[in-house]
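What follows is a short report on a single structure.
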Amino acid sequence: MRIDVVTIFPGYLAPLREALLGRAIEAGLVEVAVHDLRDWTHDVHQAVDDAPYGGGPGMVMKPQVWGEALDAVLAADERPARLVVPTPAGRPFRQSTAQAWAGEQRLVFACGRYEGIDQRVVDEAAARMPVDEVSIGDYVLVGGEVAVLVMVEAVARLLPGVLGNPVSAEQDSFSDGLLEGPAYTRPLTWRGLSVPEVLRSGHHGAIARWRRDRALERTADRRPDLLAALPADALDAADRAF
Ligand SMILES: Nc1cc(-c2cccs2)n[nH]1
């Protein structure tokens, strides 16, 4: 997969080169290119935004600059691309979104400012490629860069070879519709707190049942919306008894 990010703050994307993702890039499992939007300005001030038509606070990013930037970035590789635009006004980015995007050959992320990018950039792009305007949560950031870090990590960890232990991607929170339950490791007792007996019993069936119960309990407590959204057949009799 090739990932391109267009931003006025390229330095904000430096963390992509760290740790697990950095190693995946070095291993060629994923390619990441970060581009400075100002490279496509032609005025001495390198203006990328302007006052909004109709008035109102803040500035809107100019369509001309974005149009030239996206044309250039898209032309750099013949693989078909999906354009992703982070915005608080977007559809929710979920694990299912990351799963779907993990199958793409190319993702191009356009980092805008809170007040947004001129809508014509998205509309014009949507005529020639899939475009997703997505939100990573119901809170407002200053720019899209942090949202891109979140989404790139969520997608890249699903790519073959990126996670040392691939099975964990399937057992993630959300992958079965429930939150993950509590996890424990050594020591057996820590500050007077012990690991639940069942986890040391060696009875795999009992352990699986305990873990499922803890996931159901946590999901009911913290995310009842996820429980309500589960397909009818997702909970078996033992689950319902819980
Ligand atoms: N979920 C979310 C996205 C954003 C922004 C994207 C671009 C500028 S602000 N805030 N919150």
Side-chain angles (χ1 to χ4, degrees), residues 3-16 21 34 37 48-49 51-61 63 66 70 82-104 107-123 125-126 129-158 168-169 171-183 214-231 234-235:
I3 295 175
D4 288 88
V5 186
V6 183
T7 168
I8 56 173
F9 300 120
Y12 237 103
L13 281 302
L16 289 179
L21 200 48
V34 179
L37 179 68
V48 294
D49 53 17
Y53 274 118
M59 303 283 271
V60 176
M61 299 192 96
W66 272 107
L70 293 178
R82 171 177 295 272
L83 176 65
V84 177
V85 184
T87 165
R91 297 181 195 284
F93 175 79
R94 301 189 192 288
Q95 187 65 25
S96 55
T97 319
Q99 294 282 5
W101 290 356
E104 295 284 351
L107 295 173
V108 177
F109 290 90
C111 297
R113 53 184 299 128
Y114 161 56
E115 293 82 2
I117 301 173
D118 186 296
Q119 190 60 40
R120 290 169 291 182
V121 174
V122 164
D123 296 347
M129 77 189 89
V131 179
D132 287 319
E133 294 182 83
V134 286
S135 165
I136 60 165
D138 293 340
Y139 40 80
V140 181
L141 304 169
V142 174
E145 286 75 13
V146 168
V148 169
L149 289 174
V150 165
M151 295 189 281
V152 167
E153 179 164 318
V155 172
R157 66 186 287 276
L158 299 175
S168 59
Q171 290 170 350
D172 276 347
S173 272
F174 308 105
S175 57
D176 60 358
L178 299 177
L179 299 183
E180 245 170 24
R214 296 295 73 71
L216 287 161
E217 184 176 65
R218 177 174 282 185
T219 308
D221 176 44
R222 298 178 183 176
R223 292 295 304 276
D225 59 302
L226 290 180
L227 218 50
L230 281 177
L235 298 181

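- Across all non-hydrogen atoms, the minimal contact from Gly144 to Pro86 is O-CG, 3.9 Å.
- Listed by chain and residue number, Asp225 satisfy the salt bridge (Lys or Arg N to Asp or Glu O under 4.0 Å) test with Arg223 (two or more places apart in sequence, or in another chain).
- Residues Phe109 and Leu107 come closest through the heavy atom pair CE1-CB, 3.8 Å.
- No side-chain heavy atom of Pro15 sits under 4.5 Å from any side-chain heavy atom of Glu153.
- Nearest heavy atom pair, residue Arg120 against residue Pro63, reads NH2-CG, 3.8 Å.
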Could you walk me through whether Asp123 and Val131 satisfy the side chain to side chain contact (heavy atoms under 4.5 Å, CB included) test, starting with their C-alpha distance in whole Å, then the side-chain angles of each, then the deciding distance to 0.1 Å, before giving a yes or no? CA-CA 9 Å; Asp123 296 347; Val131 179; over 6 Å; no

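- Remark: Trp66 pairs with no residue by the ring pair (Phe, Tyr, Trp, His ring centres under 6.0 Å) rule, at least two apart or across chains.
- Closest approach of Ala102 to Val155, counting heavy atoms only: CA-CG1, 3.9 Å.
- Under the rule for a salt bridge (Lys or Arg N to Asp or Glu O under 4.0 Å), the partners of Arg82 that lie at least two apart in sequence or sit in another chain are Glu104, Asp132.
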How far apart are the C-alpha atoms of Leu37 and Met61, what are their side-chain angles, what is the distance that settles it, and do they pass the side chain to side chain contact (heavy atoms under 4.5 Å, CB included) test? CA-CA 11 Å; Leu37 179 68; Met61 299 192 96; 3.6 Å; yes

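- For Phe93, the ring pair (Phe, Tyr, Trp, His ring centres under 6.0 Å) criterion is met by Trp101, not counting sequence neighbours.
- Atoms CG and CG, from Asp221 and Leu179 in turn, are 9.5 Å apart once rounded to the nearest 0.5 Å.
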Given the rule in the side chain to side chain contact (heavy atoms under 4.5 Å, CB included) test, do Leu226 and Leu178 qualify, once you have shown the distances and angles that lead to the verdict? CA-CA 7 Å; Leu226 290 180; Leu178 299 177; over 6 Å; no

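- Among residues at least two apart or in separate chains, side-chain hydrogen bond (donor to acceptor under 3.5 Å, both in side chains) pairs with a member in residues 4-15 are Arg2-Asp4, Asp4-His35, Asp4-Arg106, Thr7-Glu145.
- The two atoms that bring Ala98 and Ala154 nearest to each other are CB-O, 3.8 Å, heavy atoms only.
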What pairs of donor and acceptor atoms, side-chain ones from residues 133-142 against any protein atom, are under 3.5 angstrom apart with sequence neighbours left out?
unit_1 : atom_1 : unit_2 : atom_2 : d
Ser135 : OG     : Gly137 : N      : 3.0
Ser135 : OG     : Gly137 : O      : 3.0
Tyr139 : OH     : Ile136 : O      : 3.0

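- Going from atom CD1 of Ile8 over to atom CZ of Arg113 covers 6.5 Å, rounded to the nearest 0.5 Å.
- Heavy atoms only, all atoms of each residue included: Ile117 and Val60 are closest at C-CG1, 4.0 Å.
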